Amino acid sequence: MSELLVYNTRARRKERFEPLEPGHVRMYSCGPTVYSAQHIGNLRPYLFADLLRRTLEHAGLRVTHVINITDVGHLTDDADAGEDKMEVAAKRTGRRAEELAAEYEQQWKRDCARVGCLPPHATPRASEHVPAQIEMARRLEERGFTYRIEDGLYFDVSKFPRYAELSRLDLAGQQGGARIGGVEGKRNPQDFALWKFAAPGVKRQQEWDSPWGRGFPGWHLECSAMSIQYLGQTFDIHTGGVDHIPVHHTNEIAQSEGALDVHPWVNVWMHEEFLDFRGEKMSKSKGNVYVLDDLVAQGVEPLAYRYFFLQAHYRQQQTFTDEALAAAATGYDRLVGLACELRRAQGDVDASRLEEPRSRFAEALCDDLNAPRAMAVVWQVARSDALSPAERWTLLAEFDAVLGLDLANAEPRAAQQESDPRIDAMVAGRDAARAAKEWAEADRLRDALAAEGILLEDGPEGTRWRRE
RNA sequence: GGCGGCGUAGCCAAGUGGUAAGGCACGGGCCUGCAAAGCCCUGAUCCCCGGUUCGAAUCCGGGCGCCGCCUCCA
């Protein structure tokens, strides 16, 4: 396999990837905040992380992958003001925060699995790692990075000179005030809460004792504490959305490097771009969300969405339109149809003929996970005249270990036969008419079914029908 | 106001100096009693203007348009 290059946000360029421990990669991906359903835009980060993991494994590396579940502390407003999203959702629905968290965590895990993501090696929950978060805040306090105000314990970014390094933000040029809003006593606009006190007189569903008082951990802290606990004081790769660069990841670095006195805490930062939904970002706050089940209700298979994802590079905004989705669904179905035929193929495989396409596929992936280029190779192989069916299948099966499109088992839609007594009878009637060469009657029955949206296909093994 | 990205055939989308991957759709063909499915064929000089270069979609400058972040968000 060729040399793997990945785009490191820290350097703003592609770099050769080399794990800290030879042969073993430790990676962490920012996971969902489980206060509501994850939509298909939210799925992109996990598809990306999964593609990265599979590519690393394809390259012969062992991977330990951790994705966190944020089920406490993520505020509705910003790092300082606003309410905890979990508490708000609980209030709105009249249910327990824990119950909601469990439900949305399950939904997220199920959707990830349906789009072919391998289960991470751990999915730690923030609420179950509060002591580790407190310990981290305590160390930061010991080392002089914090100050206490009425609202909570805060990280003082002026004590951390590298603060703007990842984001390359010109802090002075930021619109002042936006992030101080609502909190009295903050020293710098970028300072953020490590521990928030429960509001006076308010009994939260989720709150804990701490050296500073009863309350809950700030957002950001859970990712630092848990990634370190599961992956060590320094590790290889940390992934997330581009929106996390200026605040969430910047704060994670400040906390972690401040507490541990290490640098770099994380070697490679990788960020995926957003899904563009009909001209704007898909986001819960805009209300233009689409969940995986909405796609399924339209007859789109979950793995067709993965195929859709693979058609664009992860660092480019990808445009989601109904037409683009339909194109992906058709493309995926055809690829599955081809795979279905090829995987039954017998015959000799000339290993020397596999080398060229195999290396082009690997090269595409090794160039910062260029999945669209890899997919071009897939199609060239799938429809190649130069390769035998057995050779084509050998390659496709190999490629699918990285693509995760289930080419070894999936069945094309044409093969999925429905059954309905009334329709079956009409089809049988038409077959009888055809046998008697009564074409007018045969066409009448076909047209009648077509009017109901039912398509007939006459194949060597008889007539089958499907809706569309 | 600061920061980042994008603008390639009808749609999605690769390609960052040597004369444009791939998928989908459209049209044509083969196949079919007719269809469907499948297979084959067919299409772009790369937002505009100027510059650098033997040569630019790719580099530089200037426009226009769009998106994102800076404030919850992947």
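When reading the values below, keep in mind they use all heavy atoms of this one structure, side chains included, and skip hydrogens, waters and symmetry mates. This structure is a prediction, so every number in the text was calculated from the model and none was measured. Residue numbers begin at 1 in each chain, while the letters A, B, ... track the order of the sequences.
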Scan side-chain atoms only and decide if [X] and [Y] contain a donor-acceptor pair under the 3.5 Å cut-off.
X	Y	result
A:His220	A:His249	no
A:Gln298	A:Asp294	no
A:Trp108	A:Asn42	no

Do [X] and [N] have a side chain to base donor-acceptor pair shorter than 3.5 Å?
X	N	value
A:Arg44	B:A74	no
A:Arg430	B:G33	yes
A:Arg383	B:C39	no
A:Asp443	B:G33	yes

Rounding to a whole Å, what distance do you find between A:Asp333:CG and B:C39:P?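 After rounding, the gap between these two atoms is 11 Å.
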Nucleotide B:G5, atom P - distance to NE2 of A:His271 in whole Å: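 To the nearest whole Å, that distance equals 14 Å.
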Would you say A:Trp379 stacks on B:G22, if stacking means ring centres under 5.5 Å apart and planes within less than 30 degrees?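 Ring-base stacking flag not set for A:Trp379 and B:G22.
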Presence of A:Arg334 side-chain N/O under 4.0 Å of B:A25 phosphate oxygens OP1/OP2: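 Result: yes.
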Between A:Thr319 and B:A13, is there a contact of a side-chain N or O with OP1 or OP2 at under 4.0 Å?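 True: A:Thr319 side-chain N/O within range (under 4.0 Å) of B:A13 OP1/OP2.
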